[in-house]
There are 2 protein chains.
Amino acid sequence: MSSFLPTEQRLAITCQRHPAFPRDPAVLVRLIKHIYKRVHDDANAMLRPYGINHPEYNLLMMLYGTEGYALHATELADAAGEKSANITRLTNELCDKGLIAREASDEDRRKVTLVLTAEGVALIESFLPDVCALLERQAGDMQPRETAQLERLLKKFLAQLERE
Amino acid sequence: MSSFLPTEQRLAITCQRHPAFPRDPAVLVRLIKHIYKRVHDDANAMLRPYGINHPEYNLLMMLYGTEGYALHATELADAAGEKSANITRLTNELCDKGLIAREASDEDRRKVTLVLTAEGVALIESFLPDVCALLERQAGDMQPRETAQLERLLKKFLAQLERE
DNA sequence: TATATATATTACATATATGTACTATCTAGG
DNA sequence: CCTAGATAGTACATATATGTAATATATATA
């Protein structure tokens, strides 16, 4: 049985008490929250043996997914969905671990270029099999059609949120 | 244009570099993360004038959605999707603000009952119109059929995650 | 050139979240 | 009863995230 049932029941009572309460959007927001927490926790547990956490993993993978393994700090913040103040702290840690390096930018001397080191690439390639296994386990027996539909609907929902 | 495009492009490059990388589950997980951050930030901004933040709001609403406005700490943690260590801190703050009260439980003296005060209920009913407006804005022009389908697919996804 | 405005990054204070260990209480089996 | 093991809640240390302000550089315009 899903952990979500109690939450859903409480939203139903809320609707009784306050009939204007829009049940469906509220359920979606709650589901997103539950799913996010679970995904986040699972990823952290899987990554711990490799000495990094979920946000650090996200940064590494955004660099790994870029030609040249390099991004400016602001680009990295946008790509990973982190606030820029967070990027400084996280990239400091990754530098200390020797996984990325900071380089001054020639084109615009305000900018800092963050680039994966050889050790960074090697670490990523060492944990990728575990990451793939986790992602496949998380998708479980969702059918490709369902996955595609879920992706489409989530994109539409995100577009709504950003429309404001 | 969506903020998600750069992320999606980087996942595509990752798939080129590591063909076993399961693109679709990865996209879903990223979308969830982006949506969650946005929802969380919007809710915090809306709630600030009322002197509470998103997690505190969640706790208050779980109590509001329960007969008798009361739950034990563990029930509240499950309903709100918070770790139990967090519940102590958050409920301390809500007690300090006079919005909830702690009561010893007769049935099991290990348990603590958390119950909304009259001020707590009054605060909830004062911000509910703003909450409803925000939720409706977030759902935007999603059709009821799409919303229902998204709910169904998210529930299936959550069930997968919890199946392990 | 000089000045105003915008952008990129960071430092630091503060806010928020989690893990671990501890206390008190309960339950079950001898 | 009594003890062993389970459960509820919390305190405290630590980890993680954010807001604000400060610094340096770039760009536009008079």
Side-chain angles (χ1 to χ4, degrees), chain A residues 33-34 36-49 51-60 70-97 100-115, chain B residues 33-34 36-49 51-60 70-97 100-115:
Chain A
K33 180 187 161 81
H34 277 244
Y36 173 75
K37 287 232 168 188
R38 180 72 190 221
V39 165
H40 190 253
D41 289 351
D42 286 355
N44 273 326
M46 190 273 287
L47 293 166
R48 175 157 309 161
I52 60 171
N53 60 24
H54 193 199
E56 291 171 330
Y57 162 82
N58 282 333
L59 298 192
L60 292 175
L71 286 171
H72 295 142
T74 302
E75 293 173 317
L76 185 55
D78 290 345
E82 296 286 346
K83 312 270 159 97
S84 78
N86 239 358
I87 292 295
T88 300
R89 177 180 56 86
L90 290 166
T91 56
N92 279 342
E93 292 166 10
L94 292 172
C95 282
D96 291 347
K97 292 173 186 170
I100 68 173
R102 275 199 175 82
E103 293 173 2
S105 170
D106 290 334
E107 56 171 284
D108 183 337
R109 285 188 301 167
R110 289 174 300 184
K111 294 187 181 178
V112 168
T113 299
L114 300 159
V115 57
Chain B
K33 180 186 161 81
H34 276 243
Y36 174 74
K37 286 231 170 187
R38 180 72 190 222
V39 165
H40 188 253
D41 289 350
D42 286 355
N44 273 326
M46 190 273 286
L47 292 166
R48 175 155 309 161
I52 60 171
N53 60 23
H54 193 200
E56 290 171 330
Y57 162 82
N58 282 334
L59 298 193
L60 292 175
L71 286 171
H72 295 142
T74 303
E75 294 173 317
L76 185 55
D78 291 344
E82 295 286 347
K83 314 267 161 99
S84 79
N86 238 358
I87 291 297
T88 300
R89 176 179 56 86
L90 290 166
T91 55
N92 279 341
E93 293 166 10
L94 293 172
C95 282
D96 291 348
K97 292 174 186 169
I100 68 173
R102 274 200 177 82
E103 293 173 1
S105 168
D106 289 335
E107 54 169 290
D108 182 338
R109 284 187 302 167
R110 289 173 301 183
K111 294 187 180 178
V112 168
T113 299
L114 300 159
V115 57

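What you see is a predicted model; the values in this text were computed from it and never measured. Letters go in sequence order (proteins before strands), and every chain restarts at 1.
- Here D:dG9 presents its C1' atom at 15 Å from CG of B:L59, a figure rounded to the nearest Å.
- Note: CG (B:L76) to P (D:dA8) measures 14 Å, nearest angstrom.
- For the pairing with A:I52, the side-chain contact (heavy atoms from CB on, under 4.5 Å) check across A:L90, A:N58, A:L59, A:L47 returns one residue only, A:L47.
- Distance, A:H72 NE2 to C:dT10 C1': 16 Å, rounded to whole Å.
- Rounded to an integer number of Å, the gap from CG of B:L71 to P of D:dA8 is 14 Å.
- Taking every heavy atom of both residues into account, B:E82 and B:P55 meet most closely at OE2-CB, 3.9 Å.
- Regarding contacts with the backbone of D:dA8, every side-chain N or O of B:R102 stays at 4.0 angstrom or more from both OP1 and OP2.
- Checked options B:T91, B:N92, B:N86; the residue passing with B:R89 is B:N86 (criterion: side-chain hydrogen bond (donor to acceptor under 3.5 Å, both in side chains)).
- A salt bridge does not link A:D41 with A:K37: every distance from a Lys NZ or Arg NE/NH1/NH2 to an Asp or Glu carboxylate oxygen is 4.0 Å or more.
- At a threshold of 4.0 angstrom between heavy atoms, the contacts of A:T74 are confined to the sugar-phosphate backbone, with no base atom among them.
- Of all nucleotides present, only C:dT1 satisfies the Watson-Crick or G-U wobble test against D:dA30, with each distance under 3.5 Å.
- Annotation: of the two residues near DNA chain C, A:S84 and B:D106, the 5′-most nearest-nucleotide partner is A:S84.
- The aromatic rings of A:H54 and A:H40 sit tilted, their planes meeting at an angle between 30° and 60°.
- Note: CD1 (A:I87) to C1' (C:dA8) measures 13 Å, nearest angstrom.
- Residue whose closest nucleotide on DNA chain D sits further toward the 5' end, between A:E56 and A:R109: A:E56.
- Panel note: side chain A:K97, backbone A:G51; a donor-acceptor pair is recorded below 3.5 Å.
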What N/O pairs connect the protein and nucleotides 17-21 of chain D at under 3.5 Å? Give each pair on its own line.
residue : atom : partner : partner atom : Å
D:dA17  : OP2  : A:R89   : NH2          : 3.0
D:dT18  : OP2  : A:N86   : ND2          : 3.1

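- Straight-line distance from the CD1 atom of A:I52 to the P atom of D:dT16: 12 Å, rounded to whole Å.
- Protein atom CG of A:L114 is 10 Å distant from nucleotide atom C1' of C:dT9, rounded to whole Å.
- Within 3.5 Å, no donor on the side chain of A:R110 pairs with an acceptor on the base of C:dT9, nor the reverse.
- Atom NZ of B:K111 is separated from atom P of D:dA6 by 18 Å (rounded to the nearest Å).
- B:S84 approaches B:A77 most closely through the heavy-atom pair CA-CB, 4.4 Å.
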